[in-house]
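Notes to accompany the following structure.
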There are 2 protein chains.
Amino acid sequence: MALAHALLASLLVDGACSGYDLVKRFDESISCYWMASHQQIYKELRDLEKQGWVSSETIAQTGRPNKNLYSITALGQEHLAHWILTPSVPTVIREDLMIKTLAGFLVPNLAMLDELKRRRQIHLDKLAVLKEIERQEFPQVAALSREQKFCYLSIRRGIRYEADWVAWCEEAIALLAEE
Amino acid sequence: MALAHALLASLLVDGACSGYDLVKRFDESISCYWMASHQQIYKELRDLEKQGWVSSETIAQTGRPNKNLYSITALGQEHLAHWILTPSVPTVIREDLMIKTLAGFLVPNLAMLDELKRRRQIHLDKLAVLKEIERQEFPQVAALSREQKFCYLSIRRGIRYEADWVAWCEEAIALLAEE
DNA sequence: AGTATATATGCAAAAAAATGCATTAGTCAA
DNA sequence: TTGACTAATGCATTTTTTTGCATATATACT
């Protein structure tokens, strides 16, 4: 149930915001290591409030629905810090494409090549987005504060991940293309 | 529900076997891109049989429980091939360590460094196992059959994945260590 | 005028996964 | 002879995730 912690971390690092804003944050950057739907996020925020880890304030708006502004509480920060200190295991990997690759000989070579090229493009696109964030937000790595270093490392993980996928796709395409 | 397809692929590529054997196959190699518990695997096999995608034969044994030997059926192969041809999206990533990294400034630097070193070791160990499999099963890459190429690419993905994690851990450790 | 998109949040049901517990019988070591 | 491990399979419960559907107003496009 690290979704809770992902939300807490976002409220801490990027500040208080609404559930709607959190959905956007997840879509934009956090999704490179944690994905969640708006249904999950809204529900989890209500649960977090019950626990006392976040507090909310209703912001009345005209013309559009009211919003709930969520902030992390001192208790929430403590809880997050405590969780960070408990060792965690690598994530479970469940990657459709690798199952497809394992049994890829069942389908025509061109079909697999197409799928691999499609995937390469997806990862190239994500990579470009992340590299742009890196370029804009971390122009000089030498002069980062402690807090910034951690943000930087998160982005770096995303960049490596996408670049690694691209590299594997290239390798696979090259191997399968040689007839 | 690609667990079903992972099971079908394993039965196809490595041959008929029992649920127990599949659990071992998952633990050993498949887990580098699909993880599943024995409870999931046994249940899914029963479901697959209802669908007609696998067939089972009870093997009576003395001294130990009887086993059910599962084989993929022609229908199962067709189904698998059809699934392979439908495009898939990248897996959802949910990585605790990255959430921890994002908010890592909440805890002492040494604690984060310890966790990063622990993680590096986990990935180094997995990497060693996969590289050994690569060395033993794919000594000369130039002379692979079509089917073998796909197996090889699966292993390559695992190797890249683990190596990539190690590289990021190194980068993170280096950045945080410089005081 | 109609369609799509953004803002902002939610309920309900179904599917998938994780967790805990259970059985039977052999081997192997301390 | 107690404890641990391997072989082999399963049930039940809870948690988590996914999917489908719903609502309200505003703005911008076509």
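Convention: sequence-line order gives letters A, B, ...; per-chain numbering from 1. All of these numbers come straight from a predicted model, not from anything done at the bench.
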Quiz item: Rounded to the nearest 0.5 Å, how far does CD of E162(A) lie from CZ of R157(A)?
Solution: 10.0 Å
Practice problem: Measure from the side-chain N and O atoms of R25(B) to the backbone N and O of D14(B), and report whether any donor-acceptor pair falls under 3.5 Å. | Solution: yes
Practice problem: Verify, without hydrogens or angle tests, whether R146(A) (side chain) and F105(B) (backbone) share a donor-acceptor contact under 3.5 angstrom. | Solution: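 The answer is yes, because a donor-acceptor pair under 3.5 Å joins these two groups.
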Quiz item: With sugar-phosphate meaning primed atoms plus P, OP1 and OP2, does Q40(A) contact a base, only sugar-phosphate, or nothing at under 4.0 Å between heavy atoms?
Solution: base
Any non-hydrogen side-chain atom of [X] less than 4.5 Å from a side-chain atom of [Y]?
| X | Y | value |
| --- | --- | --- |
| R118(A) | P87(B) | yes |
| V92(B) | W34(A) | no |
| L97(B) | Y33(A) | no |
| D21(B) | S18(B) | yes |

Practice problem: Hey, could you give me each pair passing salt bridge (charged side-chain N to carboxylate O under 4.0 Å, His left out) that has a residue in residues 90-110 of chain A? Not counting sequence neighbours. | Solution: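 Checked against salt bridge (charged side-chain N to carboxylate O under 4.0 Å, His left out) - neighbours excluded - the pairs reaching residues 90-110 of chain A are E95(A)-R119(A).
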What's the [atom1]-[atom2] distance between [X] and [N], to the nearest Å?
| X | N | atom1 | atom2 | result |
| --- | --- | --- | --- | --- |
| D27(A) | dT7(C) | CG | P | 11 Å |
| L48(B) | dA16(C) | CG | P | 12 Å |
| E44(B) | dA18(C) | CD | P | 13 Å |
| Y42(B) | dA18(C) | OH | C1' | 17 Å |
| K67(A) | dG10(C) | NZ | P | 14 Å |
| M35(B) | dA18(C) | CE | P | 10 Å |
| K24(A) | dT5(C) | NZ | C1' | 12 Å |

With sequence neighbours excluded, tell me which residues meet side-chain contact (heavy atoms from CB on, under 4.5 Å) with [X].
| X | value |
| --- | --- |
| E137(A) | I133(A) |
| L75(A) | W53(A), T73(A) |
| Q61(A) | I59(A), R64(A), N66(A), K67(A) |
| A16(B) | L69(B), S71(B) |

Exercise. Under 4.0 Å from any atom of DNA chain D, heavy atoms only: list the residues of residues 9-22 of chain B that qualify, in numerical order.
Key: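 Correct list: S18(B), G19(B), Y20(B).
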Exercise. Could you identify which residues of residues 88-100 of chain A place a heavy atom less than 4.0 Å from some atom of DNA chain D, listed by residue number, or say none?
Key: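 Listed by number, there are none.
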Self-check item: chain A contact limits on DNA chain D, taken 5' to 3' with a cut-off of 4.0 angstrom to heavy atoms
Solution: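 First and last nucleotides in contact are dT16(D) to dA26(D).
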Exercise. Using five base pairs at each end, measure the axis-to-axis angle across the helix from dA8(C)-dT23(D) to dA30(C)-dT1(D) and round it to 10 degrees.
Key: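 Helix axis angle between the two ends: 40°.
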So which protein N/O to nucleotides 23-29 of chain C N/O distances come out below 3.5 Å?
| unit_1 | atom_1 | unit_2 | atom_2 | d |
| --- | --- | --- | --- | --- |
| dA25(C) | O3' | G63(B) | O | 3.4 |

Find out if a path of hydrophobic residues (ILVMFWY) with successive side-chain heavy-atom gaps under 4.5 Å connects [X] to [Y].
| X | Y | answer |
| --- | --- | --- |
| L110(A) | M112(A) | yes |
| V129(A) | F26(A) | yes |
| L12(B) | I155(B) | yes |

Practice problem: Establish, from distance only, whether the side-chain atoms of Q121(B) and D125(B) form a donor-acceptor pair under 3.5 Å. | Solution: yes
Self-check item: Cationic N near anionic O, under 4.0 Å, R135(A) to E132(A)
Solution: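 The answer is yes: the pair qualifies as a salt bridge.
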Close N or O pairs between protein and nucleotides 11-13 of chain C (under 3.5 Å):
| unit_1 | atom_1 | unit_2 | atom_2 | d |
| --- | --- | --- | --- | --- |
| dC11(C) | OP2 | R46(A) | NH1 | 2.6 |

Self-check item: Sequence neighbours excluded - ring pair (Phe, Tyr, Trp, His ring centres under 6.0 Å) pairs with any residue from residues 113-143 of chain B
Solution: H123(B)-W165(B), F138(B)-Y152(B)
